[in-house]
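Quick notes on the structure that follows.
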Amino acid sequence: MGLGKPFPDVDFLKFFLHWAGAVRYNKNFRGVFRTAVPSGRPFSISKEFSMAKQQRTIGVFIIQLALAIYLVITGLCLFGVGGSISSSEIQGVASFFKGGAKVVEYIIAILLIACGVVFLLKAFGLDFGKADDLIKYITLVVWIVVTVVTLISLIGELSSIKVLHWLLVLAKNALIVGGILTIRNGR
């Protein structure tokens, strides 16, 4: 079935894909476009692009869930439940505090576990307003500090193989920081 005036021999899917590409690059687009669909009713971008938004939401949900699990496990590892690369990085940063190193580790562990639980609850739709945003930003700052200190401490021992390790640490921590930043603020 043809669409009529704009593209007589093109089916609706091809027409929509062409239209979507044109809308993306047309700065004068007003938000509603009259199609040549037999009903002639307008349709909005949000209705037509809901599939893309849904995929992004699923991706953010997966990142949020994975980050929540990662933060909780890293926090538990700081309490001595196990061992992880991130917990040893945090222990290295906490060692700068000499006698108070264990206290700093426990404070960071509590913060990471709280942030992980908040992210888990946010993934399932619960929002605590500004409190969870505060926890998120404090965790973000702590993680950036840990990352910078870890990367600086690894610079002293760079060789050809250690460069790959340094880049891996950078990439891992960048993924965590990026994951924290993808989680939306309170409603």
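All residue numbers in this chain count up from 1 along the given sequence.
Under the 4.5 Å side-chain heavy-atom criterion for grouping Ile, Leu, Val, Met, Phe, Trp and Tyr, I144 is connected to I176 within one hydrophobic cluster. By the rule that hydrophobic residues join a cluster once side-chain heavy atoms approach within less than 4.5 Å of another member, W143 and I107 end up as members of separate clusters.
Atom CZ of F79 has more than 12 heavy atoms from other residues, nucleotides or ligands within 6.0 Å.
Here the CD1 atom belonging to I90 is positioned 9.0 Å from the OG1 atom belonging to T147, to the nearest 0.5 angstrom.
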side-chain contact (heavy atoms from CB on, under 4.5 Å) evaluation trace for L112 with V72: CA-CA 6 Å; L112 292 179; V72 168; over 6 Å; no
side-chain contact (heavy atoms from CB on, under 4.5 Å) evaluation trace for I183 with L67: CA-CA 10 Å; I183 297 169; L67 193 57; 4.1 Å; yes
L71 vs I113, side-chain contact (heavy atoms from CB on, under 4.5 Å): CA-CA, chis, key distance, verdict: CA-CA 6 Å; L71 291 174; I113 290 171; over 6 Å; no
Residue pair F96, V149: steps toward the side-chain contact (heavy atoms from CB on, under 4.5 Å) verdict: CA-CA 10 Å; F96 287 117; V149 170; 3.4 Å; yes
side-chain hydrogen bond (donor to acceptor under 3.5 Å, both in side chains) between K172 and S86, worked out: CA-CA 9 Å; K172 175 192 64 102; S86 294; 2.8 Å; yes
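In terms of heavy-atom proximity, V104 sits nearest to A94 at CG1-CB, 4.0 Å. Minimum heavy-atom separation, W166 to L151: NE1-O, 2.9 Å. In terms of heavy atoms, K136 sits closest to F119 at CG-CZ, 3.9 Å. When all heavy atoms of A109 and L78 are compared, the pair lying nearest together is CB-CB, 3.6 Å. Looking at every heavy atom in both residues, V93 comes nearest to V146 through CG2-CA, 3.9 Å.
By the 30° and 60° cut-offs, the orientation of the rings of F124 relative to F61 is perpendicular.
With respect to I138, the side chain to side chain contact (heavy atoms under 4.5 Å, CB included) criterion is satisfied by exactly one of V141, L134, I135: L134.
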